[in-house]
Amino acid sequence: MIPASFDYVRASTADEAVQRLSEAGEDAKLLAGGHSLLPLMRLRMATPSLLVDIGGMRDLSYVKDGGDSLAIGALTRHGELARNELARREAPLLAHVAGQVGDPQVRHRGTIGGSIAHGDPASDLPAACLALGASFVTASPRGEQTRSADEFFTGFLETALAPDEMLVEIRVPKSAGATWSFQKFNRRAQDWAIVGVALARNGSTRIGLVNMGATPLRATAAEDALAGGASPAEASSRAGDGLAPPSDLSASAEYRRHLARVLVRRALEEAVAG
Amino acid sequence: MKVSVAVNGAARTDEVEPRLLLVHYLRDVVGLTGTNIGCDTSSCGACTVHVDGESVKSCTMLAVQADGAEITTIEGLASGGELHPMQEAFRQHHGLQCGYCTPGMVMAATSLLAENPSPTEAEVREGLEGNLCRCTGYHNIVKAVLAAAGAGR
């Protein structure tokens, strides 16, 4: 399986990359680690006319202390984030989830920015960002913009990013995940989650769900129940409420709703115990 | 598009199509066919090579993305007629059955030990989760990696 032909340029700064995108129109795509985009291109499910390779921008690979939040460069690779001491201390849920993505080879190449910009409901990191109340900083010819994770994922593999916009930084509030849990249910070690749950608790509880709809999303019915004083058992029974999970080869929608209830309960129990 | 890389220590520059995958570059352009293509979907790890010292699935990387990188394939591990300690350990512990996954297993295992020189058995199994052995010969593969780690201590 070989991708369809495309033009290829390298960009060494975010300004240069968005300029290239802006000139090329909607058919151009950014290429970071390539671990979401290249498999799609090989299946010809994506056929961009131009790839702008931003993989060489190592200055966008960092984890920095930003005061109340942690600032993570969009080109930080999963393996780097999983091992980073500052991330493990200040955003342990995110660092843990980064270490659960795919397998070691995938984590050597895949980037957090790429995973979020791809907007796949089956990916782990977007759910963790929702649970942590993260925000995303982008660059475009119109300047810098910051959006919350809650307003970022707009449809299946669709995000609020304009065609000439590039995700440059992820900001995670340090206090968000005082206690946390990540539950990933899959059949084989390296698979995407059939259903996953990322839960962050500090006073209130936020729950991000993997593979429970067209986008990465939150278990708002369960969150509301908890806020109203429900027990973990009562709240987790609401985990699938109002959601339309997919039916596919791995699982039916009903089975996914069942998994969401079980995994949210486990996550709540783990976070409360922790 | 020009791509300049060092493959097993030898610098070279080639003109390639941007869509050429690294694994096809290594096999068809460089002529190193030790790197196998298995699943073709980033799952099985048979095509694992090192890019700047880290294990990577070469079916999920464009050759042009490797520009400026040092690539090591299975052919680059042995030196002076001596097997690499990991290759020797696979041989000693019979860490292979049909052998198809072996080049990728050995490359993933050497990358694992570079990051974690003294892994537990569980860490070895986790560290090899990106590599499938369809003969299900994992037991001896794990024994071989643990032996290689012990030899390197």
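FYI, side chains are in, hydrogens and waters are out, and symmetry mates aren't considered; it's all heavy atoms of this structure. A note on names: the letters A, B, ... follow the listed sequences, proteins ahead of strands, and every chain is numbered from 1.
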(message) Check B:Glu54 with A:Arg109, please: is the shortest side-chain N to carboxylate O separation under 4.0 Å?
(response) no
(request) Indicate yes or no: at least one non-hydrogen side-chain atom of A:His35 is less than 4.5 angstrom from one of B:Met61. (result) no
(request) Using a 4.5 Å cut-off on heavy atoms from C-beta on, say whether the side chain of B:Ser55 contacts that of A:His108. (result) yes
(request) Evaluate the side-chain proximity of A:Leu31 to B:Leu62: yes if any heavy-atom separation is below 4.5 Å, no if none is. (result) yes
(request) For residues A:Val106 and B:Ser42, determine if any side-chain heavy atom of one lies less than 4.5 Å from a side-chain heavy atom of the other. (result) no
(request) State, to 0.1 Å, how close A:Gln105 and B:Ala108 come at their nearest heavy-atom pair, and which atoms those are. (result) NE2-CB, 3.9 Å
(request) Tell me, please, which residues at least two apart from A:Phe182 pass ring pair (Phe, Tyr, Trp, His ring centres under 6.0 Å). (result) none
(request) Could you list which of residues 19-29 of chain B have a heavy atom closer than 4.5 Å to any heavy atom of chain A, in residue-number order? (result) B:Arg19, B:Leu21, B:His24
(request) Provide the closest heavy-atom pair for B:Gly127 versus A:Pro104 in the form atom of the first, atom of the second, distance. (result) O-CG, 3.3 Å
(request) Side chain from CB out, backbone as N, CA, C, O: work out which of these in B:Ser111 comes under 4.5 Å of a heavy atom of chain A, or both, or neither. (result) side chain
(message) Any side-chain to backbone donor/acceptor pair from A:Arg42 onto B:Asp40? Under 3.5 Å, distance only.
(response) yes
(request) Could you tell me which portion of A:Leu37 (side chain, backbone, both or neither) has an atom closer than 4.5 angstrom to a non-hydrogen atom of chain B? (result) neither
(request) Identify whether the distance between the nearest side-chain nitrogen and carboxylate oxygen of A:Arg107 and B:Glu129 falls below 4.0 Å. (result) yes
